[in-house]
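Take a look at the structure set out below.
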Amino acid sequence: MSTRSKPAVRRLHESESGASSVLVLLVLLLLVFLAVLAFVTTGSNLRLARKNAETVQTWYRMDAAGERMAAKALQTVRGAAEQAQAWLDGNRFLDGEQDVLPAPTITRLKAEWTSLETEAERSAFREALFPAVHGALAAQALRKAFPESAEVPDAAMALSTGMSDTATNSGPQIRLTVEDPEGKAASHLEAVLQVLPAQNAAEGGHLRILSWKMVQAPFEYKNEIQLWEGIVE
C-alpha cells in the first residue's frame, strides 16, 4: 500500500468508530427511556390497584352495613303487622284522632262500616283493610326506626289513595343512606326499598329492593353485578 492511501484508510476507520459510538449512545438512551417508562407504568398500575382495592373494600363495608339496615327495616315492617292487627281489632278506623290513614279514607271507611250487619261481614272488612293499614303503620314505624338515615313518606299519606293500594299489594318506599362505617370514603350507599304489606298478621310482610348503589357526588357508581335484587328475606 502506498503512502498516499494511509490517510484515507485512517479517515475511514475513524468515521466508522464515530458512527458506532453514536449508535451505542442511541441504544443506551432508548434503554434508559424504556426503563423510566416501565418504572412510571408500574407505579401507575400499583396506585390504580391500591385504589381499586380500597374501592372494593369500601363497597363491601357499605354493603354489609346496608344489609344490616335492611334486616332492621324488615324486622320493623313485620313488627308493624302485629300493630296493624291490633289497630283493626280495636276498630281504630272509627277514631277521628287516629294518624294512620288519611281523613278522607277514614270518612269513607266509617260509612262502609255502618252498612255492615253481621260479624262475618265486619271480619271480612277488617281483612280487606289489613294491607292498607299495615303499609301505613310500616311507614310510620320506619320513620321512627331510621330518623336520620332514611326518607319515608308520612304515615298518614303513605297510602293516600286508601283501599286502592291493596289491589297492587305495594306499599310505601323507603330510601336509606348508608355512610362508610369506618369513615374512610367520601362515597355512600343509597338503597331504595319498597314495603310489601302482608295480607294478614301471620305473613308479616316483605321488603323489595328497588335500588342498591354506591354514590359519590357528583358521580354515581352503579352496581352492575346486581348483588341485591328481589325481596329481602
For Glu127, give me all partners under side chain to side chain contact (heavy atoms under 4.5 Å, CB included), at least two apart in sequence or on another chain. none
Is any side-chain heavy atom of Leu101 less than 4.5 Å from a side-chain heavy atom of Leu129? yes
What pairs with Arg92 under side chain to side chain contact (heavy atoms under 4.5 Å, CB included), at least two apart in sequence or on another chain? Trp87, Asp95, Gln98
Tell me, do Gln194 and Pro172 make a side-chain contact under 4.5 Å, heavy atoms counted? no
Could you tell me if the side chain of Leu189 sits less than 4.5 Å from the side chain of Asp180, heavy atoms only? no
Salt bridge check, Arg108 against Glu112: does any charged N sit closer than 4.0 Å to a carboxylate O? yes
CA sep, side-chain torsions, deciding dist, call: Val215, His188, side-chain contact (heavy atoms from CB on, under 4.5 Å): CA-CA 5 Å; Val215 176; His188 61 273; 4.1 Å; yes
Regarding Thr58 and Arg61, do their side chains bring together a donor and an acceptor under 3.5 Å, going by distance alone? yes
Side chains of Leu207 and Leu196: does their closest heavy-atom pair fall under 4.5 Å? no
Would you say Ile174 and Leu176 make side-chain contact, with heavy atoms under 4.5 Å? yes
Using distance alone, with no hydrogens and no angle criterion, decide if Trp212 and Asp63 have a side-chain donor and acceptor under 3.5 Å apart. yes
Residues Gln140 and Asp99: side-chain donor-acceptor under 3.5 angstrom: yes
side-chain contact (heavy atoms from CB on, under 4.5 Å) between Met62 and Met214, intermediate numbers included: CA-CA 8 Å; Met62 294 184 182; Met214 189 164 64; 3.8 Å; yes
Under the side-chain hydrogen bond (donor to acceptor under 3.5 Å, both in side chains) test, which residues partner Gln83, sequence neighbours left out? none
Test: Glu119 and Arg126 ion pair at under 4.0 Å: yes
Worked check of ring-ring contact (aromatic ring centres under 6.0 Å, His included) between Phe125 and Phe93: CA-CA 11 Å; Phe125 178 85; Phe93 49 87; 5.6 Å; yes
Give the minimum heavy-atom separation between Ala73 and Leu193, together with the two atoms involved. CB-CD1, 4.4 Å
Are the side chains of Phe130 and Gln199 in contact, using a 4.5 Å heavy-atom criterion? no
For the pair Asn91 and Arg122, evaluate side-chain contact (heavy atoms from CB on, under 4.5 Å) and give the outcome as yes or no after the intermediate values. CA-CA 10 Å; Asn91 293 337; Arg122 292 173 179 173; over 6 Å; no
